[in-house]
Structure formats: structure tokens, C-alpha cells
Amino acid sequence: MSHFAPLIQAWYRQNHRKLPWRETKSAYKIWLSEVIMQQTRVDQGKSYYYKFVENFPTVQDLANADEQEVLRLWQGLGYYSRARNLHTAAKQVVNEFNGVFPDNYKGIKSLKGVGDYTASAIASFAYDLPHAVLDGNAFRVLSRFFNDATPIDTGQGTKVFKAYAEEVLNRENPAEFNQAIMEMGAMVCKPKNPDCENCPLSDSCLSLREGDPKLLPVKSKKVKVTTKYFHYLIYPSKEIQLIKREGKGIWQNMYEFPKLELEERKLKSEVNKMVEDKFDVKLLKKISEEKHILTHQHINATFWEVNEMLHDEKTVKVDLETINDLPLPRLIERFLENNAMLFGSDGVK
DNA sequence: AAGCCGGGGAA
DNA sequence: TTCCCAGGCTT
């Protein structure tokens, strides 16, 4: 096992994908890429990396932007707290670090939205500091290599696997080592069908010898999924009424149609009664119904045409042009794509 | 420690 | 369907 690092690094030099953020030593750009890639596949995040580097060439540019502009660029990527925290962190760099991106682990990790993984990644990739990354890939590679069934989503798991990671880390070249363990996990030591025949560690992998790689890593928690029923209210007009989501839940600070949110499915007559009580408008007809599936929420969305504009003072009215400046959940973005005719001149369909 | 937060691709 | 992706914050 003392050959862990040289084996995966030799493999990495021969087999790695060419990715834009691997071509730079800019801590700022590496930070952007790492936050964008949190819980996100490379194919999904790559175009967002290009967009952010293009729109915000420097951390000052990002700090000076409006949060709404940042969220709009993030639209469709999900986990929007990452975008809000990214913006906060840029302002931290400007205000607390004199506009210079911090160059040590502690300073990096003090930035909003930067945890142990991201701080270790930036410290090693940008500054060649010896911090081992522990992401989903590293958890998988290490749990299999050491044949360790400690649940990774517990305090004990974090402790155990961080120790493994630090043990095998190549302190002479932490940057390449960290890239290598993650790339190996993504390309070879895959979740479902690990390609053990082509694995550089197959000779010394304990789970391959004594156990079953496919059974690792172990997770203890189960995802709890809740179902919700959203009833969106739409008055066809070239003035589109939207509301900014505030408070806690999902899509914070993003825009959607005014809506009634219910815990269970209701008949139209019941929905209509509640809508009349709350908004003082009537449901005319159902425009469409969509299922929006998220990791922890199944949203049943019904889009209703109503008989008049809502009187709610918290709504904003925008046309089809300016709506392009507002951050929208994918559910709303998709509805607008399919129903733009509702909001043409005079609301003519 | 447990709960919460998106969206999409792969098997 | 189920799993998981270059995780982190709040409670």
C-alpha cells in the first residue's frame, strides 16, 4: 500500500480527462470550479464554469455583481445556496483579504460555502499544499482499497477516511495526487460497475481480495422524500406576475408565479375555494400539470389560468424580455419555454 | 447527529 | 425506479 500514490499518479498521467480548471493555477478560478462541481457531474457543470469565468474574470467582478445576476447565471444548476454563498465569499475576499484570494487552508476555509473538501482542493491545486481531498470519489476508492465498511456519512466515517486519505497522500505532489484519486474514482472505481481489471490498485485492493468492491462504500442515512402540490396562478397577459421566494426552503431569492402550496392532492373545487379566500381570484382552467422530481422533494405542479390579475402587492410584473434577467427555478423556466404564447401582446393565445 | 438543499444522467 | 454526482450549512 505504500505504492498507492505512485500507482494512481502514473495511471492519472496516462488516462486523465482534459478539463479547463486543470489548466490553471489561479486560486480564484479553481475555487469557482470547485464550488460549481459540488454534488455535480463534470458534464453538467462545465458550461457553468465557462460562463462564470467569462462574466466574472476576477473576484472583484464577482463581488461587485448583484446577487440576482449571480443566481441567474447559476440557473438550472441547482443547490442555489452555492451561488449565494459564492457571492458572499467573493465579497469576503475583497473586504477581509484585501482582494487577494487567501493562500492557506485556514483562510480558504473561512470563506462562505467552502468546507473541508473544497478548502483542501484549492490549497493543493492552487498552492501545492499537502491537504488530502475527501469527496465522493475519494470515499469510494479508500473504502474499497482498505475494505472498510465504516459508514461514510457519519462523524466516525469522516474521521476514519480522512486519516486514510492523509496516510496515502503524496506530500511531494498533493495536487496531482488529489486529481488522481478523484479521477480514478470517477473513471475506474465507479459506484455500480467498478472496472477492477483496469485499476492501477487491483494488486493491493483489499476489498477486491477479501470482500466485494461493489458493496462499498456504506452509507447509513436514507433520503427522505416529501411530496408537495403546487398550484401556480397565471393571468395571461404581457405583464407576468411573479413573486420572489423568501424565507427558508428551496429556491430562496428566486422567482416563481404566485402559488398555493398544499401537502396533498385536492379537487379543483377545493383548490378554487382556497385560492378565492387567499388571492380573491377564480380558477378558470388548467393550463398544464408537471411533475418536478428533486432528490428530496417530488413536486406536483399545476398551472392554472385565473380570471384576473392578482391583487397581491408583493408580486412584480415583468414582460417576456425582462424576465430573462430574473433567476427562475427550472420548473418555471420550462413552463415559460412551453407557454410563451400566453404572455404575448394582449395576452392573445 | 440529523435535516435540508436541485437537477440530471446512468444503470 | 434507485443511486449518486469534485458538499456545505443550519438546526
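Lettering follows sequence order; numbering is per chain, from 1. Small disclaimer: the values here were computed from a predicted structure and weren't measured.
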- Item | Residues in salt bridge (Lys or Arg N to Asp or Glu O under 4.0 Å) contact with R84(A), at least two apart in sequence or another chain | none
- Which residues share a ring pair (Phe, Tyr, Trp, His ring centres under 6.0 Å) with Y79(A), sequence neighbours left out: none
- Message: Using a strict heavy-atom distance below 4.0 Å, which residues from residues 325-339 of chain A are in contact with DNA chain C?
- Response: none
- What are the bounds, 5' to 3', of the part of DNA chain C that sits under 4.0 Å from heavy atoms of chain A? dC3(C) to dT11(C)
- Message: Categorize N193(A) for me: base, sugar-phosphate, or nothing, with a 4.0 angstrom heavy-atom threshold over every strand shown.
- Response: sugar-phosphate
- Message: Once salt bridge (Lys or Arg N to Asp or Glu O under 4.0 Å) is applied, do any residues pair with R209(A), and if so which ones, sequence neighbours excluded?
- Response: none
- Tell me which residues in residues 132-140 of chain A put a heavy atom below 4.0 Å from DNA chain C, sorted by number, or none. D135(A), G136(A), N137(A), R140(A)
- Message: If I pick the P atom on dG6(B) and the same atom on dT11(C), what distance separates them, to the nearest angstrom?
- Response: 15 Å
- With heavy atoms under 4.0 Å as the rule, sort V114(A) into base, sugar-phosphate or nothing. sugar-phosphate
- Message: For chain A and DNA chain B, what are the first and last nucleotides along the strand, 5' to 3', with at least one atom under 4.0 angstrom from a heavy atom of the protein chain?
- Response: dA1(B) to dA11(B)
- Item | Sequence-distant partners of E176(A), salt bridge (Lys or Arg N to Asp or Glu O under 4.0 Å), two or more places apart | R13(A)
- Message: At 4.0 Å (heavy atoms only), tell me whether I36(A) reaches a base, stays on the sugar-phosphate, or touches nothing.
- Response: nothing
- Query: Who pairs with T315(A) by side-chain contact (heavy atoms from CB on, under 4.5 Å), at least two apart in sequence or on another chain?
  - Reply: Q241(A), I243(A), P258(A), D312(A)
For residues 32-39 of chain A, which side-chain donor-acceptor pairs fall under 3.5 Å, sequence neighbours excluded?
| unit_1 | atom_1 | unit_2 | atom_2 | d |
| --- | --- | --- | --- | --- |
| S33(A) | OG | I30(A) | O | 2.7 |
| E34(A) | OE1 | Y117(A) | OH | 2.6 |
| Q38(A) | NE2 | T118(A) | OG1 | 2.9 |

- Query: At under 4.0 Å between heavy atoms, what does L19(A) touch on the DNA or RNA strands: base, sugar-phosphate, or nothing?
  - Reply: base
- Item | Results of ring pair (Phe, Tyr, Trp, His ring centres under 6.0 Å) for F56(A) - residues two or more places apart only | F52(A)
- Query: Distance between the C1' atoms of dG3(B) and dA6(C), in whole angstroms?
  - Reply: 23 Å
- Residues two or more places apart in sequence or in another chain: which of them pass ring pair (Phe, Tyr, Trp, His ring centres under 6.0 Å) with Y235(A)? none
- Task: Please check if the side chain of R72(A) supplies one atom and the backbone of D325(A) the other of a donor-acceptor pair under 3.5 Å.
- Result: no
- Query: Hey, does T118(A) reach any base, or is it just sugar-phosphate, or nothing, if we go heavy atoms under 4.0 Å?
  - Reply: sugar-phosphate
- Message: Using a 4.0 Å heavy-atom cut-off, does G76(A) contact any base of the nucleic acid, only the sugar-phosphate backbone, or nothing at all?
- Response: sugar-phosphate
